[in-house]
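Per chain, numbering begins at 1; letters A, B, ... match sequence-line order.
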Number of protein chains: 2
Amino acid sequence: MTDPAGPRATPTPPTSAAVARRAGVSRATVSYVLNGQAAGRVGERAQARVRAAAEELGYVPHAAARSLRAGRGSIVLLAAPADTVPVLGPLFTRFLAGFQTALHALGYTGVLHGAPTASPLAAARAWAELRPAAVLTLHGPPLDAPAVALLRRAGTAAVLTHGPVAPPGAHTLLLDQREAGLRAGAHLLAGGRRRIGVVLPAEPGLAACAGPRLAGVRAAAAAHPDAEVRPLDLALTEESAARLAAAWPGLGLDAVFAYNDEYAMLLMRALQDAGHTLGVRAPGDVAVVGADDLLLGRLLRPRLTSVRAEITPPERIAGLVDELVRGPGTPPAVHRLGTFRVEARDSG
Amino acid sequence: MTDPAGPRATPTPPTSAAVARRAGVSRATVSYVLNGQAAGRVGERAQARVRAAAEELGYVPHAAARSLRAGRGSIVLLAAPADTVPVLGPLFTRFLAGFQTALHALGYTGVLHGAPTASPLAAARAWAELRPAAVLTLHGPPLDAPAVALLRRAGTAAVLTHGPVAPPGAHTLLLDQREAGLRAGAHLLAGGRRRIGVVLPAEPGLAACAGPRLAGVRAAAAAHPDAEVRPLDLALTEESAARLAAAWPGLGLDAVFAYNDEYAMLLMRALQDAGHTLGVRAPGDVAVVGADDLLLGRLLRPRLTSVRAEITPPERIAGLVDELVRGPGTPPAVHRLGTFRVEARDSG
DNA sequence: TTGAAAGCGATACCAA
DNA sequence: TTGGTATCGCTTTCAA
């Protein structure tokens, strides 16, 4: 009579005590053997018996109990507000993949926690419950001072947050979005453009990147007395793009930094579609620069000029985290997460 | 003399005992108050003192201790092999975002764990250490029987795995990739196409989807005695696409299901670029169908016909997980994660 | 070479 | 209405 539910969840999962009983040794011995501390302490025969018993029972150590006893957990929390994860794109997910693998190699469990969070403090509280060894934020609203203080009080050895400046006690992971705008602006200005539009996405959650990018373009323009920068609202829909395209002649712009390759393509396409009636040619009359260097930018015609982030290898960041966790006294510093450069192609 | 490291990690984070001392009550009382079990047990004044003390100390309960005591954790593990996360695209990340929010509302902590996956069993072991309330796999190699058995023995109340068929003890989350191929094939056949190429991505990690999709197209073609299906290898590079395009006249195909909008776009572009010399017009001579309904498919000209997954609302899946966790006896069943339909546009 | 036992933090039973 | 206390699973010190 087989159980229709298959192998059922045991009322009590096997513990190290169960392994000890089965192997005929004490729980201490089991612990030594299974953690590689058995050299010179436990006999060969006993070791073999313990390993066999663990195998047969399907024993898996209880991470919670272990970290409770050890006083420190091995979870590294990658925090990203749930509602912004989708828009981060392949750049973020690729980093994430490499980072988790690297952390695993160092003995940590990297975990992505999408915070459904009103305030940074509420998010920090939720994270602190897990007593993570480290917390990193890469996107969304950066941690503020109270949030950092809470995490540190909860024993988080390393707190790293993105953004231009970190609150006291937190390290900074710098992927300066201003730089993206700066590079795009400088590129366009070097190409002789002077009246630059900057797309501000209407989508929520992108404002955190969009603001600094705009500021970067402004900074680049400051060097040219005759340059002008104008923000443009755009949602990721064809209707919104058509509206913006229709208004284009009145704006008198000769270039646009479109926040992102997708927005860039959307806008460029709308300008092309409406171009005949408006007398605007893209990219002839208006240079278009995107960002993130997505595949689509290379496939569409004209090929899209794009600002690309060159991210620090995930292994390096993982190594940094490990260092900080092991030396919790390390004074906060700024760590570059990457830099930006322009991949010049046909659109501008 | 302020500490340059800012608020330092306390040697010992505040515990419920600390709160109890500060409030002048016992640990039990603290527990009652902070868990809403205080009604009719603890006096108003004591409650207020406890809450104040917790606030002042920045007390955050220790999830490990709690789940150790409770016997079950509140973590819901979303397992996705790290190396395939990047290729899942916005569809997956959007689902993830909604799912984590929904889980949070139900009192769970949804967490994405990119498995450094040698074998399903090794991955399962890593997950089991966290004693999650539930484990879901949505992509990559599905769990096999030993992996499921391990998780269940470790007390995981609900194990849900994707793929056509689940091992004993696991529920099935069905997003049948065969259906994608079936719909694409049926659409092309209905349009009069008979010699259908099916792109098999060279990128690792996609084979799990690609195989069933090909099988689906074959199934659709089985209804037409004169239909023919031919697999095509393609990597996500312009070189690979150019090679395939150059070989195109010899293949004699009048349609292609390109796995994905990106591959579709890449191939269509290559065919257009090489079309003049080859005498092949896309989409005239060859209909192109993509999948995932990415934005770029709508921006491209001609607009790309695409097979789109309509995913079950994440709240529903979260509710299902909650149900299964609370009724661990529930016999395994198949739960649809979504269905596919064709979004017909200009390319086929 | 092995075992007994303390204790990590939170909870819930039972007694007061 | 409250407090003492056993307990969850594991590690580690100390004693045998």
Side-chain angles (χ1 to χ4, degrees), chain A residues 10-50 53-54 57-74 107 128-131 133 153-155, chain B residues 10-50 53-54 57-74 128-133 153-155:
Chain A
T10 319
T12 57
T15 70
S16 75
V19 175
R21 261 196 312 278
R22 196 173 224 278
V25 299
S26 76
R27 314 210 313 284
T29 304
V30 171
S31 180
Y32 288 136
V33 172
L34 265 34
N35 291 300
Q37 314 286 344
R41 310 190 64 130
V42 182
E44 285 298 332
R45 282 185 50 75
Q47 287 196 39
R49 282 210 314 281
V50 167
L57 292 175
Y59 170 72
V60 176
H62 194 306
R66 171 180 289 167
S67 62
L68 183 58
R69 170 66 222 224
R72 57 189 198 84
S74 62
E129 290 197 7
L130 298 175
R131 295 293 191 274
R153 263 203 310 271
Chain B
T10 319
T12 58
T15 69
S16 75
V19 175
R21 262 196 312 278
R22 196 173 224 278
V25 299
S26 77
R27 314 211 314 284
T29 305
V30 170
S31 181
Y32 288 135
V33 172
L34 266 34
N35 291 299
Q37 315 285 344
R41 306 190 67 131
V42 182
E44 285 297 333
R45 283 186 49 77
Q47 287 195 40
R49 282 212 312 282
V50 167
L57 293 174
Y59 170 72
V60 176
H62 194 307
R66 173 181 287 166
S67 64
L68 180 59
R69 171 64 225 225
R72 57 187 198 86
S74 62
E129 290 197 5
L130 298 175
R131 294 294 191 274
R153 263 203 310 270

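Using modelled atom types, one side-chain atom of Arg49(A) and one backbone atom of Ala23(A) make a donor-acceptor pair closer than 3.5 Å. Between the side chain of Ser67(B) and the backbone N or O of Ala63(B), at least one donor-acceptor pair lies under 3.5 Å. Judged by distance alone, with hydrogens and angles left aside, the side-chain atoms of Thr15(A) form a donor-acceptor pair with the main-chain N or O of Ala18(A) at under 3.5 Å. Using a distance-only test at 3.5 Å, with no hydrogens or angles considered, a donor-acceptor pair links the side chain of Gln47(B) to the main chain of Val42(B). In this structure, the side chain of Arg153(B) engages the main chain of Leu57(A) through a donor-acceptor pair within 3.5 Å.
The minimum heavy-atom distance between Val50(B) and Val19(B), with the atom names listed, is O-CG1, 3.8 Å. The nearest pair of heavy atoms linking Ala133(B) to Gly73(B) is CB-O, 3.5 Å. For the pair Pro14(B) and Arg131(A), the tightest heavy-atom approach, listed with the atom from each and the gap, is O-NH2, 4.2 Å.
The side chain of Asn35(B) contributes no N or O atom lying less than 4.0 Å from OP1 or OP2 of dA10(C). For dG9(C), the OP1/OP2 oxygens have no side-chain nitrogen or oxygen of Thr15(B) closer than 4.0 Å. The shortest distance between the side-chain N/O atoms of Ser26(B) and the OP1/OP2 oxygens of dT2(D) is not below 4.0 Å.
Atom CD in Glu44(A) sits roughly 10 Å away from atom P in dT2(C) (whole-Å rounding). Going from atom CZ of Arg27(A) over to atom C1' of dC8(D) covers 11 Å, rounded to whole Å. Summarising the geometry, the separation between OH on Tyr59(B) and C1' on dG9(C) is reported as 7 Å, rounded to the nearest angstrom. Leu57(B) places its CG atom 15 Å from the C1' atom of dG9(C), with the value rounded to the nearest Å. Atom C1' of nucleotide dT11(D) and atom CD of Gln37(A) are separated by 10 Å, given to the nearest angstrom.
The NE2 atom of His62(A) sits 11.5 Å away from the OG atom of Ser16(A) when rounded to the nearest 0.5 Å.
Contact annotation for Thr29(B): backbone-only contact, meaning every heavy-atom pair under 4.0 Å involves sugar-phosphate atoms and none involves a base. Val30(A) comes within contact range of no nucleotide atom at all, as no heavy-atom separation falls under 4.0 Å.
For the helix from dT1(C)-dA16(D) to dA16(C)-dT1(D), the rotation axes defined at the first and last 5 base pairs enclose an angle of 50°, given to the nearest 10°.
Along DNA chain D, the nucleotide nearest Gly24(B) and the nucleotide nearest Arg131(B) are compared for position; the residue whose nucleotide lies closer to the 5' end is Gly24(B).
Listed by residue number, the members of residues 62-72 of chain A with any heavy atom below 4.0 angstrom from DNA chain D are His62(A), Ala65(A), Arg66(A), Arg69(A).
Interface remark: the Tyr32(B) side chain does form a donor-acceptor pair with the dC13(C) base, using a distance-only criterion of under 3.5 Å.
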